[in-house]
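For ligands, and for the atoms within them, numbers begin at 1 and follow the listed sequence.
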Amino acid sequence: MSLDKIYEKVVDRNPGEKEFHQAVEEVLDTIRPVMEKHPEFVEAGVVERLVEPERQIIFRVPWVDDQGVVHVNRGFRVQFNSAIGPYKGGIRFHPSVYIGIIKFLGFEQIFKNALTGLAMGGGKGGSDFDPKGKSDDEVMRFCQSFMNELFRHIHPDTDVPAGDIGVGGREIGYMYGQYRKLKNRFEGVFTGKSPEWGGSLVRPEATGFGLVYFTHEMLKKENMDLNGKEVLVSGSGNVAQNALKKCNELGAKVVTLSDSTGVIYDPDGISGNKVDYIEELKNIRRGRIKEYAEEYDVEYVDGGNPWAFDGDIALPSATQNEILEDDAHKLVDNGVFAVGEGANMPSTPEAIKIFQQNDILFAPAKAANAGGVSVSGLEMAQNSQRMSWSFEEVDEKLKRIMKNIYRTSYETSKKYGDEGNLVLGANVAGFMKVAKAMLDQGVI
Ligand code: NDP
Ligand code: 2IT
């Protein structure tokens, strides 16, 4: 079947799942030259099989709030592809979650995980539960109820979840605790665990650090570095905070952070004590970014995003489709010359086109944010050895992996005739690895 027909069928069979359609379309558009070179992939129906998850689980998650009122949320786990390893991917708790979001994330995860060079298949899970404004007890009861069903479907050798939006150390702790109680086993079934009970050092920092390592590689190729550059970061959660820290370490100046209510602009740079303030605000008090503007007397734009400000580099690290075509024009006009995607699919296809037409250095999510799942892979390795490695050792491995992902994506773009197009390079390199594995293993 042609790639166009496959795409039509995906749209037809997955109605209304627009984020999933978008993710599939981008990959299919870039693998056209591969399919021409490899008719054996066409004959074996590799792409038809790839776009259909191996398994999708949807379940009821009932829980009781602090007032004794019963709520019912919906839980998801999509086990997308296990050709090169156990399903691996995060869990997202956000009111916008529905099957189309989990499928787009699970689909992207297949190629991202392949790029890491580690043995991990692709999966993703989540719920439309909104942790905002909930007490710790409510979050705990929700996580326990979520795990009351999920525990049947996960195992260190089959499916290993981790965090994503709305799921950090606190939620992973509650879910892991419930898993352990139900299974009566202490095993590496989650990554992003606390280092006291099986977590890897550097996992909390890994996505943001990896994003900056990758961006650094991309700049290095052009004989540039991050020193002295002004950086626009969106979001203020796990990825944004750790991208901020690594940017500061490398001499860059981060001038924006945001959340779903607005954006702050600090022309002096968010560094020193201000970083501790952000961590306390977001990870402990769980407050709004607006409070930063009040504390440090800087500009706050309600409902705004970072893309209207001047800068050199943009690191979108909040959510999907947060850079629209208009935003991309603004970034180009305001002098941004490099974009590194910390979030999953933060730029729309129209925005990516604008970047490419204007020769913006563009690091696509599947490659640039793969540091998180890479250290998850290292956490799995440590768990199976019952060992733990030092911070420096894991950080060094992470750096090496990000360098390799950059090199592989770059070399692949060159091989396929569009040197420097890392969207093409990352998609094709990830696809080739999974497609070959699927071919070797027969039609299953
Ligand atoms: P967090 O929950 O820690 O932080 C998310 C941040 O993005 C918050 O500041 C949040 O604001 C903001 N945000 C979320 N949804 C929206 C929205 N719809 N509109 C505007 N702002 C929004 O999540 P992470 O930092 O872990 O994840 C950020 C992105 O990075 C996601 O796309 C995730 O898939 C991706 N990612 C995460 C990895 C990880 O290891 N954690 C690995 C690879 C990718 P608010 O608090 O107001 O909701
Ligand atoms: O999107 C992602 O890569 C993640 N949320 C991390 C997945 C993982 O298993 O560490």
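- Listed by chain and residue number, the protein contacts of ligand 1 are R92, H94, K112, K132, D164, I165, G166, R203, T207, G235, S236, G237, N238, V239, S258, D259, S260, R288, S317, A318, T319, G342, A343, N344, N369 (heavy atom within 4.0 angstrom).
- Checked against the 6.0 Å centroid threshold, F146 and F76 do not count as a close aromatic pair.
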Inset, instruction - Could you give me the CA-CA distance, side-chain angles and deciding distance for K245 and E205, then say whether salt bridge (charged side-chain N to carboxylate O under 4.0 Å, His left out) is met? - result: CA-CA 9 Å; K245 281 191 206 163; E205 293 86 358; 5.2 Å; no
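- Judged purely by distance below 3.5 Å, without hydrogens or angles, the side chains of Y296 and D268 never pair a donor atom with an acceptor atom.
- Between K353 and E350 there is no salt bridge, since none of the side-chain N atoms of the basic residue sits less than 4.0 Å from a carboxylate O of the acidic one.
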Please tabulate, one line per pair, the protein nitrogen or oxygen atoms found under 3.5 angstrom from a nitrogen or oxygen of ligand 2, with distances to 0.1 Å, or say none if there are no such pairs.
unit_1: ligand 2; atom_1: 1 (O); unit_2: Q109; atom_2: OE1; d: 3.4
unit_1: ligand 2; atom_1: 1 (O); unit_2: K112; atom_2: NZ; d: 3.0
unit_1: ligand 2; atom_1: 1 (O); unit_2: K124; atom_2: NZ; d: 3.0
unit_1: ligand 2; atom_1: 1 (O); unit_2: N344; atom_2: ND2; d: 3.0
unit_1: ligand 2; atom_1: 3 (O); unit_2: Q109; atom_2: NE2; d: 3.0
unit_1: ligand 2; atom_1: 3 (O); unit_2: K112; atom_2: NZ; d: 2.7
unit_1: ligand 2; atom_1: 5 (N); unit_2: K124; atom_2: NZ; d: 3.3
unit_1: ligand 2; atom_1: 5 (N); unit_2: G163; atom_2: O; d: 3.1
unit_1: ligand 2; atom_1: 5 (N); unit_2: D164; atom_2: OD1; d: 2.9
unit_1: ligand 2; atom_1: 9 (O); unit_2: K88; atom_2: NZ; d: 2.6
unit_1: ligand 2; atom_1: 10 (O); unit_2: R203; atom_2: NH2; d: 2.9
unit_1: ligand 2; atom_1: 10 (O); unit_2: S376; atom_2: OG; d: 2.5

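- At a cut-off of 3.5 Å, with distance as the only test, a side-chain donor of N113 or Q109 sits close to an acceptor on the other residue.
- Checking D159 against Q79 by side-chain atom types alone, a donor-acceptor pair falls below 3.5 Å.
- If you take CD1 on I401 and CD on E396, they are separated by 11.0 Å, rounding to the nearest 0.5 Å.
- When only modelled atom types and interatomic distance are considered, N148 and Q178 share a side-chain donor-acceptor pair under 3.5 Å.
- Between Y406 and F214, the distance from one ring center to the other falls under 6.0 angstrom.
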